[in-house]
Q: 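Here's a structure for you.
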Amino acid sequence: MSETIEKALGDDRVAMTRRLAGDIADGWYVNLGVGMPTKVADMIDDGREVMFHSENGILGMGPTPAEDEIDPWLVNAGKKAVSLTPGAALFHHADSFAMIRGGHIDLCVLGGYEVAENGDLANWTTPSGDILPAVGGAMDLAVGAKRVWVLMQHTTRDGAAKLVRRCTYPLTAPAAVDRVYTELGTFAVTEEGFRVLTLADGVSLADVQARTDAPIHG
Amino acid sequence: MSETIEKALGDDRVAMTRRLAGDIADGWYVNLGVGMPTKVADMIDDGREVMFHSENGILGMGPTPAEDEIDPWLVNAGKKAVSLTPGAALFHHADSFAMIRGGHIDLCVLGGYEVAENGDLANWTTPSGDILPAVGGAMDLAVGAKRVWVLMQHTTRDGAAKLVRRCTYPLTAPAAVDRVYTELGTFAVTEEGFRVLTLADGVSLADVQARTDAPIHG
Amino acid sequence: MIDKRVADLAAALEGISDGAVVMIGGFGAVGQPDALVDALAELGPRELTIIANNAGWSAETGIPRLMDLGLVRKIICSFPKGSTVFKDLFTAGKIELELVPQGTLAERIRCGGAGIPAFYTATAAGTRLAEGKEVRTFRGRECVMEEALTADVALVEAWQADRWGNLVFRGSGRNFNPIMAMAAELTIVQAHQFANELDPNVIVTPGIFVNRVVQVDSRVEKLLAAQKAS
Amino acid sequence: MIDKRVADLAAALEGISDGAVVMIGGFGAVGQPDALVDALAELGPRELTIIANNAGWSAETGIPRLMDLGLVRKIICSFPKGSTVFKDLFTAGKIELELVPQGTLAERIRCGGAGIPAFYTATAAGTRLAEGKEVRTFRGRECVMEEALTADVALVEAWQADRWGNLVFRGSGRNFNPIMAMAAELTIVQAHQFANELDPNVIVTPGIFVNRVVQVDSRVEKLLAAQKAS
C-alpha cells in the first residue's frame, strides 16, 4: 500500500464528508441518515442555505444547540437534541414521509454496507447475524429521494470491497443509488456501472480498482 | 286522500326536519348535505352541543352570520357564508374526507331520489336526462359515515314512490342508508326491509304503505 | 439564499406550456387562485387538462374563461355544474370530463403528492362511476382501485407566505390547496400577504412543496360583495 | 356539553381489555405518552399487540415495561433495537415482531384512519420485507401492496388540548401522534396543558379523533436531563 493511499484511508472521514457537502446545491432539501451522514450538516459553508429534513417531522433542522439552549421537545431522527433554522416547519410522520416518498427531497445521504454497480443498496441488515433487524426509514428514503448519495468507507475494516458487482447483503432498495462518496473518491452509478467523478488527492484509478469488486470506469 | 294525510303532506318540511334533529344525540359529529338537510342545524335545541362538519374543511360550523359579521374566507359545502362555533377546527380536503371515509362522522344527512329496502341510495343523478352529472361528496359521505339518514319527501311531486324495492335511478352507494325521514314518518332500513320507527301525527301504516313501493313493517 | 417570491404574475407563470396538466385550488369563492387563473388565460397555453373540484361559475373569470378561450381539452372534477360555458362545450363534445367523487379526488391528489401510485376505497363501488375500474374486496367490503393524480402545475391560493414558500391559510381557504401544492412539479402560489417568517408550529404547507409565490390582493371580499348584491 | 377531559389516568384508560391492539405515539423521548403507558402497565391487560415506531429503551418504563410484565404478544414497529427486554423475549421466541419500514408504517396508520383499506408503495419492493406481499408495477416501478393498520386504542401525547379534544403539539412532538389518533376506536390523550379554546386555524388534531384527554405534567424535560447526566 502506497503512503498516499494509506494517508487517504487514515483520513478521519472529514475530507470525504466535506467533499459531499460541497456538491450539495444551494436551496436543496436534504435528508441525512444517522451516523456519518449527519456530519454533512456541519460542513455547509456559511452564507449557503440548505434545508435539512428529519423524518420525525422537521424541515429546517439546525445544528446541535448549546446545553442551555436545548428545547427538550425537539429531537432529530437520531433522537438527539437539535435546533430550528429560519424558515423551518413542523409536521407529522405521514406528511414527513409524503415528502420522502413523493420525491420532494432533493437528496438523501445514507450510509452503506454495500453498493452494487446497478445502484442496488444494502444498508439495513447483515446476511446472517442480525438477530434483531431494524429498518427505520432507510427503505423509504432510498426509494423516495430524488438523489441518493451513499457516504461510506471504500472497504470494510477487513479490507473487503463495499462497491460490488452484486450485493451479497439483503437489499434496502434496488437501483437506488446515484453516487457513492468514499475516502478514495466520488463515484457515479451509471448505466455501464461505476464511473469516477473525483479522485481523492494522491489516489489513482488503479488504487480504486484494486479495492473495488466491480469495474471502475475512469 | 284523507284530510290528515293531506295536512301532513302539505307540511312545509319543518316537522320532518325537526323530528330528525331531535334524534341526533348530543356530542355527535354530523355532516349535512346541501338542500333540505342543511336546515337540520337550525333545529338543534339551545343547550345541546352537536358539531357540524363541512366537507370543505370545517368542523364546528355555526349558523349563517349576520350580514355585518360575514367572514368572506369562510363558506360551507353549499358555498354559502357560515360561522364557527366554539371548539371549531379547520383542515384541508384530504383530511376532511379522511374523517368521512374513515368512519369518524357519526351521522350524515342526505337528500334522496330513491331509497331501496336493502339500503341502496340513489341521490346523485337521474337515469336518463342528466346531461351533466355532478357527484360532489355524495358517494364518499354515503359509504363513509357511521349512520346515513335520508331526509326527503315520501313521494315525488307526481306521487311516485321514493321508498322502493330496488332503485331505478343510478346508485350513489349500495346498502348505505340506515333511516329515512319523510313527512309521513321515520323508517329504519333493516334486514327484512323498511320498518316504522315513528308515524307522523294522523298517519296510519296503511297510509304509508299506499305511498311506498316496498313492504313497510309496523 | 432561498427566496421563492416573484415580482409579478408573468414571472409566476413562466414556462407553462401547451398540453400541461394544471391543478387549480379553491372551493366556492374561497381559496381560488383567481389572479393566477386569469393571468393563465392571458398567457394562453392550449390543450390543458384541468384538475379542480368545480368547473367554475362565470364565463368572465376563472376556469370557465380558460374554457371559453378554447384552452382546455379535459377537466377532472367532482362537480361540473355551475357555468354554462362548460355545459355548452361538453354537450357539443368539445371538452372531455372525468367525473370523480370529491373525497376520491382529494385522496388521489394527496397520493400523487405522497408517492402512492394507487389505493383502494369503498367510495363509488357498485355505482356507475366504478365502471371499468378494478374491484377488490377488503374485510367483506367491495372497493375500487383508484390511481394517484399528479400535475405539471398547481395554482394555489394562500393567506400568508414567507420567502421559503411556507404557507398558512385562512378559514375554509385550505380546501384543495395544500394537497395540490404537494402533487405538482411546479407549484405556484398567490398569497394575500408576505410574512417575514411564519411560526414553524402553525405552517400548513411547508415550503418544500412550493416553487414560486406572488403577492396578490385577494378578491374574495369583492366577489362576496358582488354575490350578495345579485 | 362536549367535554372529553377526564380526572385521572385510571379514568383515561378505563375499558382496555386483554387482546387489545394499542398504538403508542412518540419518537425518541418526544411525544411519548409515558404516563399513559406506565398506567397501562399497572392496569395489566394481557396479549396486547403494540404498534409503535420503536420497542423502547428502558425496562423500567414505557413499552419495554409492558413487555417485561408479559403483557405483549406482538409488536409492529420499524426499529425494535434499543431495549434488551425486547431482544431477550424475541430471541426466546416469546414475542412476535412485524418489521415495517417507517414511512410505510406511518402511511398504513394514516390509511387506517382515513378509511383506505390498502395502498401501493415502492418502499420495500425487491427486498426481504416484501416477501409474501403482493407486487404490482405502476408506471414501470415495482410496488408492494400494504394494508391499513387500525387499533382498538391509541395512546397519544399532545402539548395542549381543549374540552372538545382538539390538540396542538410542540416541536417534534407530532410524529406518530396525529395519525394514530385517527386510526383507533378509542383515542386517549395525555396533554401537557388544558386550554380553554384553541385557535381553529392552528389545531393539528381535530377533536373528532379524540375520546379522552387527561392532563399530565410532561416528563420530557426530566428524561432529557437524565440522558445528559448519563
Side-chain angles (χ1 to χ4, degrees), chain A residues 34 54-59 61 67 70-84 88-103 120-122 124-125 127 130-144 167 169-176, chain D residues 25 27-31 53-55 57 77-82 86-87 90-91 97 99-107 109-111 113 121-129 141-142 159 169-180 182 204-205 218 220-225 227-228:
Chain A
V34 291
S54 185
E55 50 264 49
N56 58 321
I58 308 171
L59 198 63
M61 188 170 53
E67 287 246 338
I70 285 177
D71 176 353
W73 292 83
L74 202 66
V75 298
N76 66 9
K79 283 96 176 177
K80 304 291 186 225
V82 288
S83 57
L84 296 181
L90 300 162
F91 34 86
H92 63 53
H93 245 85
D95 282 349
S96 184
F97 279 87
M99 290 179 192
I100 293 169
R101 202 189 301 102
D120 286 2
L121 171 65
W124 75 283
T125 191
D130 214 340
I131 301 165
L132 206 59
V135 66
M139 288 188 179
D140 312 276
L141 285 160
V143 305
C167 289
Y169 278 53
L171 289 195
T172 304
Chain D
F27 189 95
V30 182
N53 187 63
N54 287 66
W57 296 267
C77 73
S78 89
F79 207 86
K81 286 185 182 177
F86 176 72
K87 193 180 177 183
F90 184 70
T91 48
L97 168 66
L99 189 68
V100 183
Q102 197 172 132
T104 297
L105 182 65
E107 190 65 14
I109 294 166
R110 192 243 170 218
C111 283
T121 175
T123 301
T127 78
R128 185 184 282 186
L129 295 189
R141 196 160 199 199
E142 194 175 279
W159 175 246
F169 300 85
R170 182 171 158 180
S172 64
R174 296 189 202 183
N175 54 71
F176 284 89
N177 285 306
I179 51 175
M180 287 180 171
M182 296 168 67
V204 171
T205 294
S218 171
V220 164
E221 283 84 354
K222 282 190 243 170
L223 282 168
L224 207 86
Q227 269 183 18
K228 269 196 282 180

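Just so it is clear: chains get the letters A, B, ... in the order the sequence lines come, proteins before strands, and each one is counted from 1. Everything numeric here is computed off the predicted structure, so don't read it as measured data.
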Q: When only pairs under 4.5 Å are counted, which of D:Gly171, D:Ala122, D:Gly103, D:Pro178 shares the most heavy-atom pairs with chain A?
A: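 Highest number of pairs under 4.5 Å: D:Gly103.
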Q: Pick one of side chain, backbone, both or neither for A:Ala173, based on which atoms fall under 4.5 Å of a heavy atom in chain D.
A: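 Contact with chain D is through the backbone of A:Ala173 alone.
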Q: Based on non-hydrogen pairs under 4.5 Å, which of A:Asp120, A:Thr172, A:Leu74, A:Leu141 is most in contact with chain D?
A: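 Result: the option with the highest number of such pairs is A:Leu74.
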Q: Determine the option with the most heavy-atom pairs under 4.5 angstrom with chain A, choosing from D:Ala106, D:Pro101, D:Gly126.
A: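 Of the options given, most contacts go to D:Pro101.
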Q: If you compare all heavy atoms of D:Arg128 against all heavy atoms of A:Pro170, which two are closest, and at what distance to 0.1 Å?
A: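 Between these two residues, the closest heavy atoms are NH2-CG, 3.2 Å.
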Q: Where is the tightest heavy-atom contact between A:Trp73 and D:Val30, given as atom of each residue plus distance?
A: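 Closest heavy-atom pair between A:Trp73 and D:Val30: O-CG1, 3.5 Å.
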Q: Relative to chain A, which segment of D:Ala125 carries a heavy atom at a distance below 4.5 Å: side chain, backbone, both, or neither?
A: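 D:Ala125 touches chain A through backbone heavy atoms alone.
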Q: D:Thr104 and A:Asp140: which non-hydrogen atoms are nearest, and at how many Å?
A: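 Closest approach of D:Thr104 to A:Asp140: N-OD1, 3.2 Å.
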Q: Look up atom CE in A:Met139 and atom OG1 in D:Thr121, then write down how far apart they are to the nearest 0.5 Å.
A: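 Taking CE in A:Met139 and OG1 in D:Thr121, the distance rounds to 11.5 Å.
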Q: Identify which part of D:Val204 has an atom lying under 4.5 Å from any heavy atom of chain A, answering side chain, backbone, both or neither.
A: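 Neither; nothing under 4.5 Å.
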Q: Do you know which of A:Ser96, A:Gly136, A:Pro174, A:Ala98 has the most heavy-atom pairs with chain D at a distance under 4.5 angstrom?
A: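 Going by pairs under 4.5 Å, I would pick A:Gly136.
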Q: So which of D:Ala124, D:Gly173, D:Pro80, D:Cys77 has the biggest tally of heavy-atom pairs under 4.5 Å with chain A?
A: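 Most heavy-atom pairs under 4.5 Å with chain A: D:Pro80.
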Q: For D:Gly28 versus A:Lys79, what's the shortest heavy-atom pair and its separation?
A: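 Closest approach of D:Gly28 to A:Lys79: CA-CG, 3.2 Å.
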Q: Out of curiosity, D:Thr127 OG1 to A:Leu121 CG, how far, rounded to the nearest 0.5 Å?
A: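 One gets 11.0 Å once the value is rounded to the nearest 0.5 Å.
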Q: Select one option (side chain, backbone, both, neither) describing which atoms of A:Asp95 are under 4.5 Å from chain D's heavy atoms.
A: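 No part of it gets close to chain D.
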Q: Can a donor-acceptor pair be found, under 3.5 Å and without considering hydrogens, that links the side chain of D:Ser172 to the backbone of A:Gly57?
A: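 Not a single qualifying donor-acceptor pair exists.
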Q: Side chain to side chain contact (heavy atoms under 4.5 Å, CB included) for A:His92 and D:Thr205? Distances and angles first, verdict last.
A: CA-CA 10 Å; A:His92 63 53; D:Thr205 294; over 6 Å; no
Q: Can you find a heavy atom in the side chain of D:Glu107 that is under 4.5 Å from one in the side chain of A:Phe97?
A: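 D:Glu107 vs A:Phe97: side chains apart.
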Q: Where is the tightest heavy-atom contact between A:Asp71 and D:Arg170, given as atom of each residue plus distance?
A: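 Scanning both residues completely, I find the closest heavy atoms to be OD1-NH2, 3.4 Å.
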Q: Does the plane of the ring in D:Phe27 sit parallel, tilted or perpendicular to the ring in A:His93? Use 30° and 60° as the thresholds.
A: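 Tilted, since the angle between the ring planes falls between 30° and 60°.
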Q: Below 4.5 Å from any heavy atom of chain A, which atoms of D:Phe169 appear? Answer side chain, backbone, both or neither.
A: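 For D:Phe169, there is no contact with chain A at all, as no heavy atom is under 4.5 Å.
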Q: Relative to chain A, which of D:Leu129, D:Val100, D:Thr123 shows the most heavy atom pairs under 4.5 Å?
A: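 Max contact count across the listed options: D:Thr123.
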Q: Under a 4.5 Å heavy-atom cut-off, does chain A meet the side chain of D:Asn177, its backbone, both or neither?
A: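 For D:Asn177, neither part sits under 4.5 Å from chain A.
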Q: May I ask you to name which of D:Leu97, D:Ile109, D:Asn54 has the most heavy-atom pairs under 4.5 Å with chain A?
A: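 That would be D:Asn54.
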Q: Which pair of heavy atoms, one from D:Ile179 and one from A:Ala94, lies closest together, and at what distance?
A: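 That would be CG2-CB, 3.8 Å.
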Q: So, D:Arg174 side chain and A:Leu90 main chain: donor-acceptor pair closer than 3.5 Å or not?
A: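 Confirmed, D:Arg174 side chain pairs with A:Leu90 backbone.
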